[in-house]
Asks: 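Sharing a structure below in structure tokens format, with a few things to ask.
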Amino acid sequence: MAYVIAAPCVADYSCVEICPVNCISPGPDDGDFEAAEQMYIDPDTCIDCAACVQVCPVLAIYKAEHLPEQWQHYQQINREYFQQAAPVEVRR
Amino acid sequence: MIDGKTLRVAVIGAGPAGMYAVEHLLQEAEFRCEVDLYERLPTPYGLVRAGVAPDHPDKKRIGDRLFSYILESPRVRFIGNLEVGTHVRHAELADWYHAVIYSVGAGSDIRMGVPGEELSGCHAAREFVAWYNGHPDYSHLAFDLSCERAVVVGNGNVALDVARILTMPVAELEKTDIADYALQALRNSAIKEVVLLGRRGHFQGAFHNPELEELERLADVDIVIDSEDLPGENEVVLDDADWETRRKVKTLARLSRRPLTGAPRRIVLRFLTSPVELLGDQKVEQMLVVENHLERGDDGVLRARPTEKESLIDTGLVLRAIGYRGYPFPGLPFDDQRGVIDNRDGRVVEGDLPVPGVYVTGWIKRGPRGVIGSNKKCARDTVRCLLKDARDGHLSPAALNADQVLSELAGRNPALLGLEGWRNIDRGERLAGAHQGRPRIKYTDTETLLRSAAAPAG
Ligand SMILES: Cc1cc2nc3c(=O)[nH]c(=O)nc-3n(C[C@H](O)[C@H](O)[C@H](O)COP(=O)(O)OP(=O)(O)OC[C@H]3O[C@@H](n4cnc5c(N)ncnc54)[C@H](O)[C@@H]3O)c2cc1C
Ligand code: SF4
Ligand code: SF4
């Protein structure tokens, strides 16, 4: 089901440093780190090990099915971060 | 160096940047770093305590879950209630330690530069934030909340924080660590509407998604958005805007379609609008504003340019939230344009030459940008420079040992306090809060802070 980073994230990349499969982005040396609002977990790579949960200093990481009501949409948002490069519709 | 492998480092300012600098110094394996962490307040954590909004308790967990452990290290001394520049000069610290890292944050802010700005009733959002968070330098301030409309100039997270605090039900704030006097003032507030002015358009709002989305969940507050340029319900807006911006514009569109409920309070988001002048007899009574349009410069950046369309807004409280700014530190070079201590990658520079052994991190290095975690990378990079300089033999020896430093400081300021003092304050505030179901009740004046630092709560 994957883990999900929700709104409290303060982008301190502790989770990035501990994730054994490297599925959290951006890292501190990625180009979009400086402007990033938060970090995101790639649900297709996450192996549900929960290592990131405890190191998070603000407890921003939840198992998808345990996301609090107001942050349900973060499951989709974490996934979307990794799909950004995909072609987008333009209709205005 | 004392034994070639020990580095004595002073870190000035115990905000996030200072805390992360200490953390990185402690992680260093090649040198044994001993750190004195100086803080002008009796309390550590900088803007995590005095900036982050009281209704964001989850973010403040970083104090207990991370910073607190860093302070606990036997190689760290917290030296609170001691202001560098007042009690001790930079030149002295440079002499006493192998290296000094300044992480003093941005103690000032940008002014609007419009006539009438000096009228009473016009303040920096920075001061209002420090006031509601119980910062002892600001707790004596008074904000007149007897008018019906406040105007917040600015379009970032600070502007949204301020708008939320001014409109959210006081019952919600009663569960937080907001300063008691602020709670009382907000109970008596007559403010019904907060207007946020954004210089540029919907696509250029500087706020982040989580802060914007909070508006959708704000109880008993209507949100009003001028929606002319916003996409309609089934329109997909993608343009050349990045993913995070598109998410914000979708939220704005969703908010603008919500029916108004006649709630007792409202937040109005006005875009493409700038203040021109504040009008009033001694006190702010009105703000003259102008509509802007956007022009793309040769550099590709969209800039707001005023049109001829001006209008008046009645208001008795104006808060400018257009940016924090660092101010010059005595004895160190300052980059006036950027409002930071002049530096290259964290090494303080005078002209083109590095000042040996002196470094910066956090907002005083990069300017007031980024979230709490941005300061971690920032501090990491600064500490890397410091350690490289140590390896290359560019640091001069520390003239005093740890005991000598402390007795020198105690002679100058007998009221300085250490970790135990902060722990006593922390315990006292939490105990007081526990009785009322609040995370803590902050001590908000220096006298009370120092008294509780000296006497463990029991
Ligand atoms: C209103 C507001 C709300 C925010 N909310 C959030 C949020 O929700 N989430 C988030 O991730 N980020 C938030 N931020 C951003 C975050 O607070 C900053 O990125 C961070 O605090 C900057 O760290 P700093 O250490 O450079 O400065 P500061 O936090 O300002 O720390 C500087 C410290 O230095 C001390 N100091 C200053 N001068 C001296 C001196 N001469 N001697 C000794 N000590 C001195 C100060 O007292 C202070 O403790 C917010 C910022 C503001 C202004
Ligand atoms: S649960 Fe494990 S694999 Fe998934 S993001 Fe966290 S650390 Fe990485
Ligand atoms: S550890 Fe927590 S706060 Fe830090 S980047 Fe990861 S989710 Fe965000």
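Numbers restart at 1 for each chain; the letters A, B, ... are given by sequence-line order, proteins then strands.
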Asks: Are there residues of residues 46-62 of chain B that reach to under 4.5 Å of chain A by heavy atoms, and which ones?
Replies: B:D58, B:K59, B:R61, B:I62
Asks: Chain A: which of B:L66, B:D64, B:V371, B:I372 shares the most heavy-atom pairs with it under 4.5 Å?
Replies: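 Among B:L66, B:D64, B:V371, B:I372, the one with the most close pairs to chain A is B:I372.
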Asks: Could you tell me if the ring centre of B:Y324 sits under 6.0 Å from that of B:W363?
Replies: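 Yes, ring centres under 6.0 Å apart.
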Asks: What residue in B:E244, B:R217, B:E216 has the most heavy-atom pairs under 4.5 Å with chain A?
Replies: B:E244
Asks: If you count heavy-atom pairs within less than 4.5 Å of chain A, which of B:E214, B:K377, B:R366, B:R380 leads?
Replies: B:K377
Asks: Name the member of A:H73, A:Q38, A:M39 that forms the most heavy-atom pairs with chain B at distances under 4.5 Å.
Replies: A:H73
Asks: Specify which of B:E211, B:E213, B:R369 makes the most heavy-atom pairs with chain A at under 4.5 Å.
Replies: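 That would be B:E213.
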Asks: Can you sort out the partners of A:D12 under salt bridge (Lys or Arg N to Asp or Glu O under 4.0 Å), two or more places apart, ordered by chain and number?
Replies: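 A:D12 satisfies salt bridge (Lys or Arg N to Asp or Glu O under 4.0 Å) with no residue once adjacent residues are dropped.
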Asks: Please list, in residue-number order, every residue in residues 14-26 of chain A that has a heavy atom less than 4.5 Å from any heavy atom of chain B; write 'none' if there are none.
Replies: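 Contacts with chain B: A:S14, A:E17.
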Asks: Residue by residue, which of residues 51-58 of chain A have a heavy atom closer than 4.5 Å to a heavy atom belonging to chain B?
Replies: A:V53, A:Q54, A:C56, A:P57, A:V58
Asks: Could you check B:M19 against B:Y45 for side-chain contact (heavy atoms from CB on, under 4.5 Å), going step by step and ending with a plain yes or no?
Replies: CA-CA 8 Å; B:M19 297 305 310; B:Y45 310 161; 4.3 Å; yes
Asks: By a 4.5 Å heavy-atom criterion (distance strictly below it), what part of A:A35 contacts chain B: side chain, backbone, both, or neither?
Replies: backbone
Asks: Which answer fits B:Y20, side chain, backbone, both or neither, if we ask what part of it has an atom under 4.5 Å from a heavy atom of chain A?
Replies: side chain
